[in-house]
Trainee: 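Right, I'll just put the structure down here and ask away after.
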Amino acid sequence: MPKNISRNRSAVISSESLSLDLYRKLYMTRRAEEFIIEYYHEDDMKTPMHMSMGEEAIAVGVCHALGLDNQIWTSYRTHAAFLAKTEDTEQFFGELYGKVTGVSAGKAGSMHLADPSKGYMAASAVVASILPSAVGMAFANKSNATGHISCVFFGDGALDEGVFWESLNLACVMDLPVLFVCEDNRLSVHTPTHIRQGYNSITDVVSRFSCTVIQESTTDVERIHTITKEAMNTIHTTRKPVFLHLECYRYLEHVGINEDFDAGYRSKEEYEQWYEWDCVKLQRERLTNQGFSSADLRKVESVIDNQLLTSIRKAQAAPFPQPEELYRGVFYEAD
Amino acid sequence: MDTSEVVFETEWFNVERQRHDGIKALQNKPYYRINASDGVIVLAMTLDNQIILVDQFRPALGCRTLEIPAGAIDPYESPEEAAARELYEETGYICENITPLKNGQLMASRLNARLFSFLAVGAVLDSSYVSKEDIKVLLVSPFELKEYILSNQFGQYAAIALLVLADWESDLSLTRPEVS
């Protein structure tokens with residue numbers, strides 16, 4: 001359960017534009033996945049879907065704070081991170097439909113969405129395998145004095161892999177500007193934490209390394225945005241990595257577009273407790289408290305709905321890539 | 001959906017035969033769906049709050065109808081662009097204040113197209129406009145439109161839903177108009 005969300009209306013101090021910008025991204029991400037659910041049965045999107053639904057506040061809060069210049073790396077659960085970082089719904093749906101208009105010309109699918117031109121460097125389907133790349137990017141950032149932060153998103157299941165600890169160790173020992181973001185839903189596919197990990201607290205163990213550890217259990221996108229900004233300042237001032245440990249809850253099955261409360265590894269009641277603090281609802285409520293009318297918000301939402309549906313229609317109409325596209329972009333190509 | 005196959009195709013729509021053996025009512029028999037372009041419908045009002053209607057011949061009904069502007073969205077066009085285009089093509093009016101309302105289904109039992117609705121306030125006639133279609137433009141007050149609807153002279157049901165949406169999302173009072 002999220003613990004530290006304030007419903008005290010007078011506690012809202014964020015600027016309206018920030019609140020609205022964050023809401024737009026949250027709403028876009030949620031609606032994009034709702035449209036995926038609506039259209040997936042047509043079987044035109046051939047890619048397996050690892051849905052972000054329920055966990056969007058982390059991707060949106062962190063990516064909005066990072067902006068375009070700082071880099072991100074993620075696991076296969078890419079949807080929220082991609083839309084939060086790029087806001088490019090046409091390349092998003094183009095990729096899901098496997099068309100040339102996709103961000104990777106239709107070759108990557110849902111699990112490998114990325115756009116290096118906007119700082120989304122890569123996504124990997126192999127658990128924890130993206131961490132060394134993120135650390136390598138941070139080494140390049142430090143060597144070239146770019147001032148950029150390399151941010152890597154991973155689930156709590158990544159901590160069960162040796163490469164996580166090697167990456168954390170190297171980032172700490174080499175003082176690299178890495179923001180580690182652990183999206184902890186307490187599940188590795190269907191396996192809960194207590195039968196996977198021989199320690200009680202992730203943050204206790206990670207805090208023994210030479211880095212700053214920040215822990216939150218919240219679905220409040222503005223809180224996540226704020227602590228990300230704090231983490232970025234800490235990286236710049238201490239020149240050490242920061243480890244953000246953020247609890248969250250995945251609404252849908254590990255892979256696929258359906259609920260799976262009948263699978264026996266978690267309960268519907270747990271979902272309902274988290275849904276009370278749903279990040280999209282919470283941010284909409286904040287905007288209402290700031291004076292936005294329902295009509296104002298519905299106009300914002302209608303514009304995004306139309307944008308998403310236009311992107312879907314364009315993706316459906318776009319051509320598939322030609323065979324010669326297959327090997328393009330696989331290896332580095334000099335200009 | 002177990003299987004699907006396009007069995008009839010035209011420039012404007014196709015008919016798809018599907019099997020849904022998992023749905024009890026459809027076991028062992030085909031289901032036919034019409035795939036068509038999404039569309040827009042525009043409730044446009046002039047600066048003096050007159051609603052812009054179009055009078056045109058509808059071959060499907062074999063008669064002329066009174067409607068508000070509407071039409072299909074082109075493949076690489078946004079609903080907003082289509083709304084402005086259809087309004088101009090059918091009426092010659094230009095509007096800088098076109099607000100998206102909701103979108104929804106027209107005939108969920110058979111058709112998968114969406115209809116996107118818009119409210120256009122303060123539309124102005126382009127004096128250089130020349131109509132390319134056999135369409136007459138009428139300007140009516142909200143009260144006159146209500147009379148048309150209640151006397152069966154206006155049967156575009158999507159437009160009636162749009163009147164409700166426009167009332168909910170603006171300070172207009174289109175569903176309970178005063179006598180003009």
Side-chain angles (χ1 to χ4, degrees), chain A residues 20 24 27-28 30-32 34-46 49 87-94 97 99-102 256-258 262 284 287-288 292-320, chain B residues 1-6 14 16 18-23 26 31 33 35-43 72-85 97-105 108 112-121 162 164-172:
Chain A
L20 189 58
R24 279 199 185 98
Y27 183 83
M28 175 184 285
R30 176 65 58 85
R31 288 294 281 157
E34 287 175 350
F35 286 131
I36 289 171
I37 292 170
E38 186 174 335
Y39 285 90
Y40 201 57
H41 74 99
E42 302 276 354
D43 205 24
D44 293 327
M45 288 183 267
K46 300 291 187 186
M49 296 291 183
E87 297 182 75
D88 194 329
T89 56
E90 293 201 5
Q91 292 207 324
F92 176 78
F93 278 109
Y97 275 90
K99 301 297 184 69
V100 291
T101 52
I257 61 163
N258 300 301
D262 57 355
R284 198 179 201 279
L287 289 169
T288 302
F292 285 87
S293 69
S294 291
D296 290 337
L297 294 174
R298 281 198 294 274
K299 277 179 199 165
V300 169
E301 292 161 356
S302 291
V303 168
I304 295 171
D305 283 355
N306 289 1
Q307 179 185 336
L308 291 164
L309 288 163
T310 301
S311 298
I312 290 171
R313 195 172 54 255
K314 288 181 179 179
Q316 289 168 334
F320 286 106
Chain B
M1 179 170 38
D2 301 311
T3 61
S4 76
E5 174 190 15
V6 173
N14 69 42
E16 184 180 355
Q18 301 177 340
R19 296 298 301 235
H20 291 272
D21 289 338
I23 300 173
L26 295 176
Y31 171 79
R33 182 176 78 175
N35 299 309
S37 302
D38 291 340
V40 292
I41 184 167
V42 189
L43 178 62
I73 304 173
D74 289 340
Y76 291 97
E77 190 178 41
S78 71
E80 285 80 359
E81 290 165 344
R85 177 182 53 74
N97 183 16
I98 300 183
T99 304
L101 298 174
K102 306 305 286 184
N103 67 77
Q105 288 77 43
N112 67 350
R114 281 176 191 272
L115 188 66
F116 294 80
S117 57
F118 292 88
L119 175 64
V121 178
L162 180 46
V164 175
L165 282 173
D167 262 12
W168 287 345
E169 300 291 16
S170 72
D171 54 4
L172 298 168

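The structure displayed is predicted, hence computed values, not measured ones. In what follows, chains carry the letters A, B, and so on, assigned in the order in which the sequence lines appear, proteins first and then strands, with residues in each chain numbered from 1.
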Trainee: Look up atom CG in B/L119 and atom OG in A/S302, then write down how far apart they are to the nearest 0.5 Å.
Mentor: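 That separation rounds to 11.5 Å.
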Trainee: Going from CD1 on B/I73 to CZ on A/R313, what distance comes out if it is rounded to the nearest 0.5 angstrom?
Mentor: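 Nearest 0.5 Å value for the CD1-CZ distance: 4.0 Å.
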Trainee: Less than 4.5 Å to any heavy atom of chain B: does that hold for the side chain of A/E42, its backbone, both, or neither?
Mentor: both
Trainee: Could you name the residues of residues 75-85 of chain B that have a heavy atom within less than 4.5 Å of a heavy atom in chain A?
Mentor: B/P75, B/Y76, B/E77, B/S78, B/P79, B/E80
Trainee: Is B/D74 in contact with chain A via its backbone, its side chain, both, or neither, using a 4.5 Å heavy-atom distance?
Mentor: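 Backbone only.
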Trainee: Can you name the residues that form a salt bridge (Lys or Arg N to Asp or Glu O under 4.0 Å) with A/K299, not counting sequence neighbours?
Mentor: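 If we apply the salt bridge (Lys or Arg N to Asp or Glu O under 4.0 Å) test to A/K299, skipping adjacent residues, there are no hits.
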Trainee: Taking only residues two or more places apart in sequence, or in another chain, which ones meet B/R114 in a salt bridge (Lys or Arg N to Asp or Glu O under 4.0 Å)?
Mentor: A/E38
Trainee: Apply side-chain contact (heavy atoms from CB on, under 4.5 Å) to residues B/F118 and A/N306 and explain how you reach the verdict.
Mentor: CA-CA 11 Å; B/F118 292 88; A/N306 289 1; 3.6 Å; yes
Trainee: Can you name the salt bridge (Lys or Arg N to Asp or Glu O under 4.0 Å) partners of A/D262, sequence neighbours left out?
Mentor: none
Trainee: Would you name the heavy atoms of B/W168 and A/R298 that are closest together and state the gap between them?
Mentor: O-NH2, 4.3 Å
